[in-house]
Amino acid sequence: GAVVSQHPSRVICKSGTSVKIECRSLDFQATTMFWYRQFPKQSLMLMATSNEGSKATYEQGVEKDKFLINHASLTLSTLTVTSAHPEDSSFYICSARKGLGTTVRDTFGSGTRLTVV
Amino acid sequence: EDQVTQSPEALRLQEGESSSLNCSYTVSGLRGLFWYRQDPGKGPEFLFTLYSAGEEKEKERLKATLTKKESFLHITAPKPEDSATYLCAVQRGGADGLTFGKGTHLIIQP
């Protein structure tokens, strides 16, 4: 099966610092990786789409300078929350896509709980 | 704008009591409709993908169906371990991410 590893699972940081979250597909090469954010009792909201070797595509309202995405290889994408503030506290989840066209399967990581104090 | 609405928001059932969860969607050019299960503090776990109206898929006690406007997740004779939040999501374009509903929080009481 497809496995996606996301680290760290929890992080607490001080306001103004930066935090890096890593997402790896362990047993497959992902055509695309995605980053989502989930606030309590809300749906997962797509933040950005990440492809290896190219710039990430951000959804409307997501600040690209605040949420830096690096997609170093077909199995690794990182999200850096820069100059984090309490309102950035949330559950961040990545997914890695296997397949193209009409038959795709998105496998999700276990998520990162970010708390900014 | 793509929209996904799930109902009910929460559902409490007795063990063995069958029921259905609803997912209504509006999307231009549906590429696929997905069902996921999410446990607290975890990422979503894939259940099904449906591609066209009339399609049905089954896995153990779960069966997903799709029409042109909505999808149902039927759960038959549920067990306490089926307790989770069930998420519905749609994909429009081939390279697009998923648009999720808020989910149905399902509790199965022994």
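Numbered from 1 within each chain, the chains take letters A, B, ... in sequence-line order. Everything numeric here is computed off the predicted structure, so don't read it as measured data.
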Electrostatic pair A:E22:A:K20 at N-O distance under 4.0 angstrom | no
Is A:D106 paired with A:K98 through a side-chain N to carboxylate O contact shorter than 4.0 Å?
-> no
If you look at every heavy atom in B:L73 and B:Y86, which pair is closest and at what distance?
-> CD2-CD2, 3.6 Å
Pair count under 4.5 Å, heavy atoms only, with chain A: among B:T99, B:D96, B:V4, highest is B:D96
Short N-O contact, B:E15 and B:K79, less than 4.0 angstrom | no
Side chain, backbone, both or neither: which part of A:Q38 has a non-hydrogen atom closer than 4.5 Å to chain B?
-> side chain
Assess the pair B:F48 and B:Y36: is the distance between their ring centroids shorter than 6.0 Å?
-> no
Under 4.5 Å from any heavy atom of chain B - which part of A:I93 | side chain
B:N22 and B:Q6: side chain donor to acceptor below 3.5 Å | no
With a distance cut-off below 6.0 Å to the six-membered ring centre and an angular limit of 45° from the axis, does A:R37 pair with A:F91 as a cation-pi contact?
-> no
Side chain, backbone, both or neither of A:R10 within contact of chain B (heavy atoms, under 4.5 Å) = neither
Inter-chain contacts: residues 100-110 of chain B against chain A, heavy atoms under 4.5 Å = B:F100, B:G101, B:K102
A:S25 OG to A:R97 CZ distance, which is reported to the nearest 0.5 Å = 13.5 Å
Please look at B:L98 and chain A and tell me whether the side chain, the backbone, both or neither of the residue comes under 4.5 angstrom of a heavy atom of that chain.
-> both
